Amino acid sequence: GMGLRFEPAGLGYAMFWSAGAFVLGMATLWFFLILRKKCGWNENRVVHELMPVTRREKGLYAGLSFCAGFGEELAYRGYAIPAVFLAGGSAPAALAVTSAAFAVLHSYQGVLGVVRTGVVGVIMGVVFLHTGSVWPPMVAHVLIDLAVGFVLADKLLS
């Protein structure tokens with residue numbers, strides 16, 4: 001029920017959905033970057049301080065990216081969506097409740113981060129519900145976090 005079963009025959013399918021979730025997640029980040037700049041908003045201090053600078057920080061950030069991607073997706077998509085659904089909710093209700101909880105988990109990023117993370121949570125939840133597998137959102141989440149920390153940090157924080 002958690003979508004952990006891995007079918008080697010479905011690797012191409014899983015990769016397609018991982019790539020799609022990654023692209024939609026990155027598009028969401030870019031949308032909020034443009035919105036933030038047009039409105040004159042800034043990322044909060046905590047977000048700035050979390051971006052890796054030194055070699056050691058980058059190594060720790062990479063480890064954190066894997067832990068967050070696998071752990072959060074397993075908890076919010078793999079466990080929570082089926083649990084809310086089985087408790088009597090519908091798939092859309094489970095998606096809404098778990099995405100809202102996922103967003104609140106990221107409240108250290110401020111209001112902008114909560115809304116942005118909520119949108120990404122919906123994307124990951126839709127992919128989970130469509131594929132029945134937690135692997136595509138896990139892979140996409142890890143890749144998004146790595147891209148933010150290693151490729152886009154300066155752009156996103158400027």
Side-chain angles (χ1 to χ4, degrees), residues 1-37 43-44 46-82 91 94-96 98-110 112-158:
M2 293 179 74
L4 285 170
R5 188 177 48 208
F6 182 74
E7 312 254 343
L11 181 61
Y13 183 75
M15 288 175 55
F16 171 79
W17 283 99
S18 296
F22 172 73
V23 168
L24 285 174
M26 295 305 294
T28 300
L29 293 178
W30 281 110
F31 170 78
F32 278 94
L33 171 66
I34 292 165
L35 180 65
R36 182 175 60 82
K37 288 188 176 195
E43 292 290 349
N44 72 15
V46 175
V47 173
H48 282 269
E49 291 179 6
L50 287 175
M51 291 299 107
V53 176
T54 67
R55 184 179 181 96
R56 177 174 161 73
E57 288 173 350
K58 289 179 181 183
L60 292 170
Y61 185 90
L64 178 63
S65 295
F66 279 88
C67 290
F70 285 96
E72 291 176 359
E73 294 308 317
L74 186 60
Y76 287 91
R77 265 49 86 180
Y79 175 77
I81 287 178
L95 178 63
T98 59
S99 296
F102 182 67
V104 170
L105 172 75
H106 292 82
S107 62
Y108 65 89
Q109 295 179 14
L112 179 66
V114 169
V115 174
R116 179 177 53 216
T117 304
V119 172
V120 172
V122 169
I123 293 166
M124 298 302 172
V126 167
V127 169
F128 171 74
L129 288 168
H130 181 76
T131 64
S133 174
V134 75
W135 292 106
M138 280 182 174
V139 170
H141 190 148
V142 170
L143 292 175
I144 289 168
D145 286 356
L146 290 172
V148 166
F150 293 112
V151 179
L152 302 174
D154 292 337
K155 187 82 165 161
L156 294 172
L157 297 177
S158 64

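What you see is a predicted model, and the numbers here were worked out from it, not measured in a lab.
V114 and A103 get closest at one heavy-atom pair: O-CB, 3.3 Å. The shortest heavy-atom contact between P137 and V127 is CD-CG1, 4.0 Å. Residues A140 and A21 approach most closely at CB-CB, 3.6 Å, considering heavy atoms. Smallest separation of non-hydrogen atoms from A80 and T98: CB-CG2, 3.4 Å. Closest approach of G121 to F102, counting heavy atoms only: CA-CD2, 3.8 Å. Minimum interatomic distance between T131 and P136 (heavy atoms only, all atoms of both residues): OG1-CG, 4.2 Å.
The side chain to side chain contact (heavy atoms under 4.5 Å, CB included) test applied to A100 returns no partner, not counting sequence neighbours. For the side chain to side chain contact (heavy atoms under 4.5 Å, CB included) test, residues two or more places apart in sequence or in another chain that qualify with A68 are E72, H141, D145. Every side chain to side chain donor-acceptor pair (under 3.5 Å) that R5 has, sequence neighbours left out, goes to E7. Evaluation of the ring-ring contact (aromatic ring centres under 6.0 Å, His included) rule for F16 yields no partner, not counting sequence neighbours. In this structure, the side chain to side chain contact (heavy atoms under 4.5 Å, CB included) partners of A101, at least two apart in sequence or on a different chain, are Y76. By the ring-ring contact (aromatic ring centres under 6.0 Å, His included) test, F22 is found to be paired with no residue, residues two or more places apart in sequence or in another chain being considered. With sequence neighbours excluded, the residues forming a side chain to side chain contact (heavy atoms under 4.5 Å, CB included) with L112 are F32, R36, W41, E43, R116, listed by chain and number. Under the rule for a side chain to side chain donor-acceptor pair (under 3.5 Å), the partners of K37 that lie at least two apart in sequence or sit in another chain are S158.
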- Message: I'd like to know whether M138 forms a side-chain contact (heavy atoms from CB on, under 4.5 Å) with L74, so could you lay out the CA-CA distance, the side-chain angles of the two residues, the decisive distance to 0.1 Å, and finally the verdict.
- Response: CA-CA 8 Å; M138 280 182 174; L74 186 60; 3.8 Å; yes

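Note that the CG atom of D154 and the CE atom of M51 stand 10.0 Å from one another [nearest 0.5 Å]. Distance check, rounded to the nearest 0.5 Å: OG of S99 to CZ of R77 gives 6.0 Å. Here OH of Y79 is found 13.5 Å from CG of L4. Values are rounded to the nearest 0.5 Å. If you take CG on L29 and CG on L24, they are separated by 11.0 Å, rounding to the nearest 0.5 Å. A distance of 10.0 Å separates CG of L146 from CG of L64, quoted to the nearest 0.5 Å. We find the OG1-CE distance between T117 and M124 to be 10.5 Å, quoted to the nearest 0.5 Å.
Among the candidates T28, I34, L33, L35, the single residue satisfying the side-chain contact (heavy atoms from CB on, under 4.5 Å) test with F31 is L35.
Sorted by first then second residue, the salt bridge (Lys or Arg N to Asp or Glu O under 4.0 Å) pairs that include residues 129-139, not counting sequence neighbours, number zero. Sorted by first and then second residue, the side-chain hydrogen bond (donor to acceptor under 3.5 Å, both in side chains) pairs involving residues 46-59 (not counting sequence neighbours) are R45-E49. Residue pairs meeting the salt bridge (Lys or Arg N to Asp or Glu O under 4.0 Å) criterion with at least one member in residues 22-33, sequence neighbours excluded, do not occur. Among pairs with a residue in residues 122-134, none fulfils salt bridge (Lys or Arg N to Asp or Glu O under 4.0 Å), at least two apart in sequence or across chains.
Counted within 6.0 Å of CZ on F66, heavy atoms from surrounding residues, nucleotides or ligands total 12 or fewer; the atom is thus considered open.
Counting only heavy atoms from C-beta outward, the side chains of V148 and Y61 approach each other to under 4.5 Å. At a threshold of 4.5 Å between non-hydrogen side-chain atoms, the residues E73 and W135 do not count as touching.
In this pair, H106 and Y108 present their aromatic rings tilted. The plane angle is within the 30 to 60° band.
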